[in-house]
**Student:** 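Okay, handing you the structure first.
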Amino acid sequence: MSFRDTVYKITAKIPKGKVATYGQIARLAGNAKAARAVGMFMKKNPFAPRVPCHRVVASDGKLTGYSAPGGIVKKKSMLIHEGVMFKKARVDLSISRWSES
DNA sequence: AAACTGACTTCTC
DNA sequence: GGAGAAGCCAGTT
């Protein structure tokens, strides 16, 4: 299985109402320094609805990019709708950060 | 095969 | 806490 598939698999595990950082996913996938690559995978996102790429944020909780129509704004709305806590323009990681169970 | 690109992260100032 | 710079990875051209 390729690193990419692993990333998608992990991302798909993020529970509703929680978020994970690119670096965190990269680490779980085996490459702690592949956070950047992870971002690309989300951008591609071949498993659109199956993989909740909107639950992936930057290390500081900031919402970066979003390919789907609506962009960042839409992404933020979705997260709020799912119950994710926000701190201004950033996600409150101290509360909504996902802990791999 | 080499170079370019980007939805990242971390360190300094 | 905001701005700039350097490092790292996989995919695309």
Side-chain angles (χ1 to χ4, degrees):
Chain A
M1 172 177 285
S2 67
F3 173 67
R4 191 182 72 214
D5 294 319
T6 306
V7 171
Y8 287 131
K9 193 157 102 180
I10 294 175
T11 304
K13 289 180 184 170
I14 304 176
K16 177 169 171 287
K18 291 284 183 176
V19 299
T21 69
Y22 295 94
Q24 181 179 2
I25 293 176
R27 179 168 53 75
L28 294 176
N31 273 321
K33 314 177 192 79
R36 212 166 178 178
V38 173
M40 174 197 281
F41 299 150
M42 296 303 102
K43 178 177 167 188
K44 306 284 287 184
N45 195 22
F47 310 85
R50 227 168 69 187
V51 177
C53 53
H54 62 272
R55 293 182 191 155
V56 184
V57 302
S59 63
D60 61 347
K62 184 81 168 68
L63 275 66
T64 50
Y66 192 55
S67 306
I72 305 300
V73 182
K74 183 67 178 179
K75 181 172 176 179
K76 183 177 178 181
S77 304
M78 296 172 78
L79 290 175
I80 294 177
H81 185 67
E82 294 186 351
V84 176
M85 302 302 277
F86 268 79
K87 218 54 171 177
K88 295 282 186 175
R90 293 183 278 110
V91 174
D92 191 333
L93 295 176
S94 62
I95 302 176
S96 306
R97 189 171 188 282
W98 172 53
S99 302
E100 50 177 309
S101 326

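This one's a predicted model, so the numbers in the text were calculated from it and none came from an experiment. Proteins come first, then strands; the chains are lettered A, B, ... in the order of their sequence lines, and each starts at number 1.
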**Student:** Both Ala37(A) and Gly23(A) contact DNA chain B. Taking the nearest nucleotide for each, which residue is further toward the 5' end?
**Tutor:** Ala37(A)
**Student:** Is there a side-chain polar atom (N or O) of Asn31(A) under 4.0 Å from OP1 or OP2 of dC8(C)?
**Tutor:** no
**Student:** Checking Gln24(A) side chain against Arg97(A) main chain: does a donor-acceptor pair fall under 3.5 Å?
**Tutor:**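 Side chain of Gln24(A) to backbone of Arg97(A), a donor-acceptor pair under 3.5 Å: no, none is there.
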**Student:** Has Lys33(A) got a side-chain N or O lying under 4.0 Å from the OP1 or OP2 atom of dC8(C)?
**Tutor:**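 So the side chain of Lys33(A) is outside the cut-off, no N or O lying under 4.0 Å from OP1 or OP2 of dC8(C).
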**Student:** If you check every side-chain atom of Ala34(A), which of dT9(B), dG11(C), dC9(C) has the closest atom?
**Tutor:**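 Ranking dT9(B), dG11(C), dC9(C) by closest atom to the Ala34(A) side chain puts dC9(C) first.
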**Student:** So, is Ser59(A) close to the dT9(B) phosphate, meaning a side-chain N or O under 4.0 Å from OP1 or OP2?
**Tutor:** yes
**Student:** Mind calculating the distance between CE (Met40(A)) and P (dG11(C)) to the nearest angstrom?
**Tutor:** 7 Å
**Student:** Separation of Arg4(A) atom CZ from dT12(C) atom C1', in whole Å?
**Tutor:** 12 Å
**Student:** Given 3.5 Å as the limit, does a donor-acceptor pair link the side chain of Ser96(A) with the main chain of Met85(A), or not?
**Tutor:** yes
**Student:** Using atom NZ of Lys44(A) as one end and atom C1' of dA10(C) as the other, report the distance to the nearest whole Å.
**Tutor:** 11 Å
**Student:** What are the two closest non-hydrogen atoms of Thr21(A) and Ser59(A), and how far apart are they?
**Tutor:** CG2-CA, 3.9 Å
**Student:** Mark yes or no for a side-chain to base donor-acceptor pair under 3.5 Å between Tyr66(A) and dA7(B), with no hydrogen or angle criteria applied.
**Tutor:**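 Answer no: no donor N or O sits under 3.5 Å from an acceptor.
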**Student:** With a 4.5 Å limit on heavy-atom distance, are the side chains of Tyr22(A) and Thr64(A) in contact?
**Tutor:** yes
**Student:** In this structure, how many angstroms lie between the P atom of dC9(C) and the CZ atom of Arg36(A), rounded?
**Tutor:** 11 Å
**Student:** Let me know the distance between OH of Tyr22(A) and C1' of dT9(B), rounded to the nearest Å.
**Tutor:**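 Value for this atom pair: 13 Å.
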**Student:** Check Lys76(A), Lys16(A), Lys75(A), Arg55(A) against Glu82(A) for a salt bridge (charged side-chain N to carboxylate O under 4.0 Å, His left out) and give me the one that passes.
**Tutor:** Arg55(A)
**Student:** To the nearest angstrom, how far is Arg90(A) atom CZ from dC8(B) atom C1'?
**Tutor:**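 Going from CZ in Arg90(A) over to C1' in dC8(B) covers 16 Å.
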**Student:** Rounded off to whole Å, could you give me the OH-to-P distance for the Tyr8(A) and dA10(C) pair?
**Tutor:** 14 Å
**Student:** Taking CG from Asn45(A) and P from dA10(C), how many angstroms apart are they, rounded to a whole number?
**Tutor:** 19 Å
